[in-house]
Amino acid sequence: MDNKHTLAVIIGSVREGRFGPVVASWVADQARAHGGFDVNVVDLAQMEIPLALPAASPKFAGENYPRPAGMAALTSALDGADAFVVVTPEYNHSYPASLKAAVDWHFNQWAAKPVAFVSYGGAAGGRHAVLHLENVFAELHAVTIRDGLAFPNYYTAWQDGRPLDPEAPGYAKALLDQLAWWAGALRSAREIAPYPA
Ligand SMILES: Cc1cc2nc3c(=O)[nH]c(=O)nc-3n(C[C@H](O)[C@H](O)[C@H](O)COP(=O)(O)O)c2cc1C
């Protein structure tokens with residue numbers, strides 16, 4: 001049996017000319033080097049994610065939730081993941097609408113799974129976005145990881161697809177160690193008994 005955890009690294013921004021894929025690609029490389037994960041980069045820009053939701057809540061509709069065909073790859077990636085890294089910028093002291101829409105179209109996919117955050121932005125490094133996301137994921141019965149990775153003023157802090165801070169890979173390892181621990185603990189728990197959400 002493969003003891004690696006299936007990790008979805010989610011690119012939260014879909015803006016033209018976005019920086020998100022650069023950060024996500026580096027995070028995915030760190031996760032592959034970590035050794036504890038099978039890594040799947042999930043790019044929201046490649047998915048159909050309408051803002052208008054169906055009448056019912058995904059919380060109660062379960063498998064029968066009427067998602068568009070172009071969302072199937074996203075739903076399947078979230079379903080199959082044991083852990084998530086959400087890569088988010090900061091837009092007006094929060095996170096992008098694309099990410100909120102992707103979150104809101106799903107419910108069980110997040111429950112009893114760990115979520116870590118890697119953020120970037122201006123002076124605050126996306127921390128306002130992460131504070132909001134921590135609240136959102138608590139509502140979805142997900143477990144948020146304490147050690148985040150934030151890149152303030154990313155436009156001067158990155159070069160050639162990598163952060164200039166030599167400590168960054170070490171911070172990423174701390175985050176990934178915690179994420180792997182929770183992924184294992186929660187996967188075992190979900191196998192013993194379905195989470196009562
Ligand atoms: C609509 C909008 C609002 C923004 N608001 C903030 C903000 O409140 N704080 C911040 O640090 N950066 C802010 N920025 C700058 C973004 O962090 C920066 O443009 C970043 O590259 C966005 O990520 P992306 O390139 O992946 O879209 C904002 C950018 C946009 C487009």
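Start at 1 and go down the list; that is how both ligands and their atoms are numbered. Scope of the values below: all heavy atoms of this structure, side chains included, with no hydrogens, waters or symmetry mates. Positions are given from 1, in the same order as the sequence printed here.
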Under 3.5 Å, side chain of Arg190 to main-chain N/O of Ala112, donor-acceptor pair present?
yes
Contacting atoms of ligand 1, where contact means under 4.0 angstrom from a heavy atom of Gly121
11 (O), 17 (O)
Which residue and heavy atom of the protein sit nearest atom 11 (O) of ligand 1, plus the separation:
Gly122 N, 2.6 Å
Among Tyr154, Tyr155, Trp26, find the one that has a ring pair (Phe, Tyr, Trp, His ring centres under 6.0 Å) with Tyr120.
Tyr154
Starting from atom 29 (C) of ligand 1, which protein heavy atom do you reach first, and at what distance in Å?
Tyr91 CD2, 3.8 Å
For ligand 1 and Ala123, I'd like to know whether there is a polar contact (N/O to N/O, distance under 3.5 Å).
no
To the nearest 0.5 Å, atom NZ of Lys173 lies from atom CG of Leu175 at 11.0 Å
What protein heavy atom sits nearest atom 1 (C) of ligand 1, and how far off is it?
Asn92 ND2, 4.2 Å
Residue, atom name and distance, where the atom is the protein heavy atom closest to atom 12 (N) of ligand 1
Glu90 O, 3.4 Å
Is Thr144 close to Val130 at the side-chain level, that is, under 4.5 Å between some pair of heavy atoms?
no
Students often mix this up, so state it plainly: with edges at 30° and 60°, are the rings of His141 and Phe107 parallel, tilted or perpendicular?
perpendicular
Does any N or O in the side chain of Lys4 come within less than 3.5 Å of the main-chain N or O of Val39, such that one atom is a donor and the other an acceptor?
no
Among all protein non-hydrogen atoms, which one is nearest to atom 23 (O) of ligand 1, and what is the separation to 0.1 Å?
Pro89 CB, 3.0 Å
So which of Phe151, Tyr154, Tyr155 gets nearest to atom 18 (C) of ligand 1, if we judge by its closest heavy atom?
Tyr154
Looking only at N/O atoms, are Gly20 and ligand 1 under 3.5 Å apart anywhere?
yes
Please report the interatomic distance OG1(Thr88) to CG(Leu99), rounded to the nearest 0.5 Å.
5.5 Å
Is it the side chain, the backbone, both or neither of Arg18 that has a heavy atom closer than 4.0 Å to ligand 1?
both
Geometric class of the His34/Phe37 ring pair [parallel <30°, tilted 30-60°, perpendicular >60°]:
tilted
Please write down residue, atom name and distance for the protein heavy atom closest to atom 8 (O) of ligand 1.
His93 N, 2.9 Å
